[in-house]
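Numbers here are sequence positions counted from 1. Scope of the values below: all heavy atoms of this structure, side chains included, with no hydrogens, waters or symmetry mates.
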Amino acid sequence: QIRDYMLQIGNALKCMHDQSMIHGDLRMENVVRFGKSLSLIDFDGAHWINSESRGSKMGAGSSKFCTSVLPPEMISCIDLVSDFPDLAKYEDYWRRVSEDAKDINLLTPDDIQTISSVVRSLLLKADVSKTHIKFSRTLRDEMKELEFYDEDLEEQNEWKDALSLSLMTISFEDLPFSLNRCDDVDDFARVWNRLLFHTKLWTKVKPRVTQDEKFAYLIKTYDDIPDEYGNIPITDRSVLPYDLIRPSEKIDVWGFGALMFALCSGGPLFHVGFGGDLSDCEDFSQLYEWDKLKSERIIREKVEDPLAKDLLKKILVPSKFRLPTMDAVLEHPFFGPPSSLEAQHILERHEEEQLTIEETVVIKRMTTETRRRVERSMERQCKLIFAEEKIVVPTCLVVLPYQLERKGANLIISSDRDIDTAVELGHYLLEINKITAQLSFFLMVKRSIGSRNQIQIFRNKLKLWVQRSKTE
């Protein structure tokens with residue numbers, strides 16, 4: 001079932017990419033089912049691919065993008081010890097957004113809910129056929145329902161008193177300056193929606209500073225958000241302490257992998273909050289430092305299906321290692337019959353890896369008990385060896401940690417540092433031969449004491465050998 005779902009989602013993404021567009025916010029909440037078919041919704045985070053005329057960078061035009069599905073290349077890090085001014089420039093760049101967020105934070109949750117219900121009701125009742133301007137309706141209908149509206153009051157600009165009465169705990173004058181300076185209800189509605197939008201956006205783009213205040217993690221985006229009148233402000237992107245990212249299919253490929261991982265493992269790739277965004281600074285740090293080793297470890301621990309594991313190891317990796325297109329993703333054996341030759345190779349390799357893992361013991365800390373168990377295991381190994389008829393060095397191939405150069409008929413070591421390494425390696429090989437010789441001696445003793453007659457012969461040989469060793 002997971003394979004069928006991911007195949008449908010993959011084909012839907014492929015159709016978008018064929019139209020030079022990426023989704024940009026691929027998660028479970030944005031996939032809906034109609035009967036047996038799945039469809040993608042919520043294209044607020046969509047971007048055109050490689051189009052200069054349509055915007056060639058990943059901007060923050062929608063606050064609905066989710067930080068938990070962003071790929072590693074979308075995260076930047078500032079060293080606050082050496083590059084602290086970069087953080088100040090970043091915060092100054094986003095000041096109009098952060099200031100609006102501060103205004104909202106001055107209100108209580110109840111106040112926000114009360115005002116939001118008024119604005120939400122306004123938008124629902126707006127007559128779309130009469131206007132194409134956002135936030136064009138006034139609060140008149142809402143005030144009528146609340147029985148606070150009166151024609152004479154509005155003519156005298158007393159709608160502010162009516163709003164104060166609906167808030168109950170505060171008056172209109174107690175609202176943040178950006179709101180109480182509004183002259184009419186239309187202006188108030190526009191500003192209120194802008195504040196809500198900027199507050200949600202700031203929770204995503206604000207710097208995440210580590211507890212030791214040494215690093216700050218940022219999302220690589222820029223301000224392409226229109227104001228309440230539809231105008232996009234001109235901002236200086238050069239002050240941003242990172243290079244902006246071009247929209248590409250690889251961003252959706254990562255999102256596809258994150259969604260597939262959640263379905264196969266039963267949980268998200270990172271810790272997420274209620275809204276689906278990364279929970280804390282530690283999660284941003286993990287995403288920024290994401291590499292192939294971390295990817296393989298978490299996929300190996302959380303995902304059971306061998307074919308799904310193999311595909312995820314090619315998707316949930318840094319950009320330069322990631323499959324480039326959805327075509328390449330959908331060609332993987334995970335979406336084909338398990339009996340295919342390539343699928344069988346993956347399954348065989350998985351079995352070999354499982355055997356290796358089962359036979360591998362990792363000693364994280366050498367305690368007295370651990371040392372005793374290791375000694376016992378060595379004793380057991382010796383007993384197994386003694387049961388053999390022949391002792392040999394357990395290596396048929398030695399990989400040298402340095403380069404050998406041919407000089408005539410000989411191979412020589414060129415640098416002095418490599419010579420030191422060769423000497424050290426020689427000591428190890430001598431130790432191996434020494435142990436092998438000891439085991440061979442013990443094996444000879446075992447063969448020589450098989451009968452009483454053999455024991456006597458062996459004793460005589462041993463005495464003779466001791467006498468010779470004293471003189472030679």
State whether a side-chain donor-acceptor pair under 3.5 Å links D110 with T108. no
Going from CD on E73 to CD1 on I245, what distance comes out if it is rounded to the nearest 0.5 angstrom? 6.0 Å
Please lay out, stage by stage, how R95 and D92 fare under the test salt bridge (Lys or Arg N to Asp or Glu O under 4.0 Å). CA-CA 5 Å; R95 191 162 302 280; D92 186 64; 3.2 Å; yes
Might you confirm whether atom CG of D243 has over 12 heavy atoms from other residues, nucleotides or ligands at distances under 6.0 Å? no
Minimum side-chain heavy-atom gap F215-I78 below 4.5 Å: no
More than 12 heavy atoms of other groups within 6.0 Å of Q211 CD: no
Indicate whether the side chain of D174 and that of S171 have a donor and an acceptor atom separated by less than 3.5 Å. yes
First locate atom CZ of F321, then atom NZ of K250, and finally report the distance between them rounded to the nearest 0.5 Å. 10.0 Å
Could you verify whether a donor N or O on one side chain and an acceptor N or O on the other, from N30 and H23, lie under 3.5 Å apart? no
V253 side chain near T325 side chain, heavy-atom distance below 4.5 Å: no
Minimum-distance pair of heavy atoms, taken over all atoms of L287 and T67: CD2-O, 4.4 Å
Taking 4.0 angstrom as the limit, do R96 and D100 come out as a salt bridge? no
Can you tell me how far apart CE (M326) and CD1 (I22) are? Round to the nearest 0.5 Å. 12.5 Å
Indicate the atoms forming the closest heavy-atom contact of L107 with L175, along with that distance. CD2-CD2, 3.9 Å
For K302, is the NZ atom crowded, meaning more than 12 foreign heavy atoms sit under 6.0 Å from it? no
Indicate whether any N or O donor in one side chain lies under 3.5 Å from an N or O acceptor in the other, for S178 and D103. yes
Does a side-chain heavy-atom distance below 4.5 Å link M28 with L259? yes
Provide the closest heavy-atom pair for C66 versus K204 in the form atom of the first, atom of the second, distance. CA-NZ, 4.4 Å
Do W192 and S116 have side chains that approach each other closer than 4.5 Å (heavy atoms only, starting at C-beta)? yes
Under a 4.5 Å cut-off applied to non-hydrogen side-chain atoms, are I75 and I219 in contact? yes
Name the orientation class of the two ring planes belonging to W290 and W254 (parallel below 30°, tilted from 30 to 60°, perpendicular beyond 60°). perpendicular
Measure the CG-CZ distance between L40 and R27 for me, rounded to the nearest 0.5 Å. 12.5 Å
Backbone N or O of M260 within a donor-acceptor pair of the Y5 side chain at under 3.5 Å? no
Student check: side-chain heavy atoms of N11 and L330 closer than 4.5 Å: yes
Aromatic plane relationship, F256 with F335 - under 30° parallel, 30 to 60° tilted, over 60° perpendicular: tilted
Side chain to side chain, L201 and W94, heavy atoms closer than 4.5 Å: yes
State, with a plain yes or no, whether a side-chain heavy atom of Y222 is found less than 4.5 Å away from one of Y93. yes
Just verifying a value: how many Å separate L87 CG and L218 CG, rounded to the nearest 0.5 Å? 7.0 Å
Which pairs, with at least one residue in residues 335-353 and sequence neighbours excluded, count as a side chain to side chain donor-acceptor pair (under 3.5 Å)? D310-R349
How about CD on E301, more than 12 heavy atoms from neighbouring residues, nucleotides or ligands closer than 6.0 Å, or not? yes
Looking only at non-hydrogen atoms, find the nearest pair between V317 and S295 and report the distance. CG1-OG, 4.0 Å
